[in-house]
There are 2 protein chains.
Amino acid sequence: MAAKSTLRDRRRQQTARDIQRAALTLALRLGYDSVTTEQIAAEAGISQRTFFNYYLNKDAAIIGTAPSFADDTVAWFRESSGPLLGDLLKALRHLLCHADLDRGMSQLINRLLDEAPELLPIFYGSLKRLGDQIADLAVTRLGEDARPDAELLAQAISHALADTFRIWANDDAMSEGSIVDVTAAKLQTLRGFLEQV
Amino acid sequence: MAAKSTLRDRRRQQTARDIQRAALTLALRLGYDSVTTEQIAAEAGISQRTFFNYYLNKDAAIIGTAPSFADDTVAWFRESSGPLLGDLLKALRHLLCHADLDRGMSQLINRLLDEAPELLPIFYGSLKRLGDQIADLAVTRLGEDARPDAELLAQAISHALADTFRIWANDDAMSEGSIVDVTAAKLQTLRGFLEQV
DNA sequence: GCACGTTGATGCACAGTATGCAATATTTGC
DNA sequence: GCAAATATTGCATACTGTGCATCAACGTGC
């Protein structure tokens, strides 16, 4: 799952980042709608056709590619018998530990989201992939019948995580390690609301 | 906010439904990707240009237009001092009461979602509009500072509501009145998960 | 280091989405 | 009925996204 570290793969990853950076800076300068995929490709030094080899669409280029759970994390989760939410958060911790987060890029995304809130659905939608993975994990414990409930939980978690990312990106004093802690706190706030029936 | 019941508005609403029905049946018959907006327009008896006067894009035509809270519901909510979640659910009850739900159309949507799960994001995304309204309501109680938390709560509510709609559409024995009850139950299940840290 | 298989980059053609604009038809309010 | 307001439509156009064929670059086994 990790990069194979051959020249080809390193270049591939570099190009993917170049494209994302180009997309973000151009969108910040000219507005997301005004920027064309052709411009982004030009700025990244590739052809438009190659742009679509890297990202399925313009949205995806802005957000970049979300990380996935490592196989051993999944294996650990299936075996563990701790409390569900606690274990899910631990799995997230592993994920974030191995993914090397780029605060600079996150800040660009944040600035763009501030200027163009209509892009928020894209942002949250991008976390859907991660949310699906969380739901899959939860289903291994709850059983397939509970998938809708697992998805509801997973969606709440990934939403809270997305919020936390925005906080982290804008607060240099905040460590990567505390991301999941803040997410957990947000989820407890949510729990509080759900009790007020 | 409700239809002004002038000839023009009745026609407008009828055309909107015709388009949605055309979009759904064609998508079910031929597959969502294969259907073009031109085909949908033809099936609905209008021009392609008019199609885009009614819906901003192809996705929106499939989902239709989500209802909004009535002004008096909003007014009531601001004055009420009941528990937050309870009042939000009451507001939803009012909303569903006044919106005339079309089970047939909902069933079509459901069948389509079963065949093409890749459309689920569109479906949940369409509830974002409703989620935003719920968040706005909640913010009138919690204050603007708590908007991220309000949005987290609102998103959980609208997700649970969307799930419930799917159940309701496929279960003729289920009454409209019990929709919010089932939604509330789902939210309590979620609360249970959030306690398992 | 060389030849061969694999993978990536690119140009081109093309179908489809979506918007602006101007002309035309329909509805409404008076 | 008539004028103002609003809806529908055709047309031109910009842009997104895909399939396909070709060419260049890399990796591998020898």
Side-chain angles (χ1 to χ4, degrees), chain A residues 1-24 26-27 29-65 116 118-119 121-122 125-126, chain B residues 1-24 26-27 29-65 116 118-119 121-122 125-126:
Chain A
M1 195 114 284
K4 274 177 294 175
S5 185
T6 151
L7 173 62
R8 224 167 214 167
D9 287 275
R10 265 173 289 132
R11 280 210 183 153
R12 200 170 172 78
Q13 213 162 342
Q14 186 56 46
T15 308
R17 298 217 147 208
D18 289 347
I19 296 175
Q20 191 187 2
R21 169 158 285 118
L24 282 168
L26 284 175
R29 192 169 348 133
L30 309 171
Y32 177 76
D33 283 336
S34 308
V35 178
T36 70
T37 56
E38 217 164 352
Q39 285 175 291
I40 297 173
E43 174 84 16
I46 53 163
S47 74
Q48 190 200 29
R49 192 63 189 77
T50 302
F51 172 92
F52 284 109
N53 281 345
Y54 277 82
Y55 294 103
L56 285 177
N57 49 51
K58 212 169 115 179
D59 297 351
I62 292 281
I63 301 298
T65 20
E118 73 272 16
L119 296 181
I122 299 175
S126 84
Chain B
M1 196 110 291
K4 274 177 292 176
S5 186
T6 149
L7 172 62
R8 217 165 222 168
D9 287 277
R10 265 174 290 130
R11 280 206 182 158
R12 199 167 174 80
Q13 213 162 342
Q14 185 56 46
T15 309
R17 298 217 148 208
D18 288 347
I19 296 174
Q20 191 187 4
R21 170 157 284 119
L24 282 168
L26 283 175
R29 192 167 350 133
L30 308 171
Y32 177 76
D33 283 335
S34 308
V35 178
T36 71
T37 56
E38 217 165 354
Q39 285 175 289
I40 298 173
E43 175 84 16
I46 54 165
S47 74
Q48 191 202 29
R49 192 63 188 79
T50 302
F51 172 92
F52 284 108
N53 282 346
Y54 277 83
Y55 294 103
L56 284 178
N57 50 50
K58 213 170 116 180
D59 296 353
I62 291 282
I63 302 298
T65 20
E118 72 272 16
L119 297 181
I122 299 176
S126 84

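Letters A, B, ... are given to chains in the order of the sequence lines, protein chains preceding strands, and every chain is numbered from 1.
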Row check, A:Tyr32 ring normal vs A:Lys58 NZ/CZ: under 6.0 Å, within 45°: yes
For B:Ile40, run the side-chain contact (heavy atoms from CB on, under 4.5 Å) check against B:Leu26, B:Leu24, B:Ile62, B:Ile46 and tell me which one passes. B:Leu26
Tell me: [atom1] of [X] to [atom2] of [N], nearest whole Å?
{"X": "B:Gln13", "N": "D:dT6", "atom1": "CD", "atom2": "P", "answer": "18 Å"}
{"X": "A:Phe52", "N": "C:dC12", "atom1": "CZ", "atom2": "P", "answer": "17 Å"}
{"X": "B:Arg49", "N": "D:dG10", "atom1": "CZ", "atom2": "C1'", "answer": "10 Å"}
{"X": "B:Leu30", "N": "C:dG16", "atom1": "CG", "atom2": "C1'", "answer": "15 Å"}
{"X": "B:Gln48", "N": "C:dG20", "atom1": "CD", "atom2": "C1'", "answer": "14 Å"}
{"X": "B:Asp59", "N": "C:dG16", "atom1": "CG", "atom2": "P", "answer": "17 Å"}
{"X": "A:Arg12", "N": "C:dT6", "atom1": "CZ", "atom2": "P", "answer": "18 Å"}
{"X": "B:Lys58", "N": "D:dG17", "atom1": "NZ", "atom2": "C1'", "answer": "12 Å"}

Can a donor-acceptor pair be found between the side chains of A:Gln14 and A:Asp18 at a distance below 3.5 Å? yes
Tightest non-hydrogen contact, residues B:Ile63 and B:Gln20, listed as O-NE2, 3.2 Å
Under 4.0 Å: is that the gap between some side-chain N or O of [X] and OP1 or OP2 of [N]?
{"X": "B:Tyr54", "N": "D:dT8", "result": "yes"}
{"X": "B:Tyr55", "N": "C:dA18", "result": "no"}
{"X": "A:Ser47", "N": "C:dA9", "result": "no"}

Shortest side-chain distance from [X], nucleotide among [options]:
{"X": "B:Arg11", "options": "C:dT26, C:dG8, C:dT28", "result": "C:dT26"}
{"X": "B:Thr36", "options": "C:dT17, C:dA9, D:dA7", "result": "C:dT17"}
{"X": "B:Thr6", "options": "C:dC21, C:dT28, C:dA9", "result": "C:dT28"}

At 4.0 Å (heavy atoms only), tell me whether A:Phe51 reaches a base, stays on the sugar-phosphate, or touches nothing. nothing
Does B:Asn53 reach a base, just sugar-phosphate, or nothing at all? Heavy atoms under 4.0 Å. base
Starting from the 5' end of DNA chain D, give me the residue, B:Gly45 or A:Glu38, whose nearest nucleotide shows up first. B:Gly45
By nearest-nucleotide position on DNA chain D, the 5'-leaning member of B:Arg8 and B:Thr50 is B:Arg8
Measure the CZ-CZ distance between A:Arg12 and A:Arg17 for me, rounded to the nearest 0.5 Å. 14.5 Å
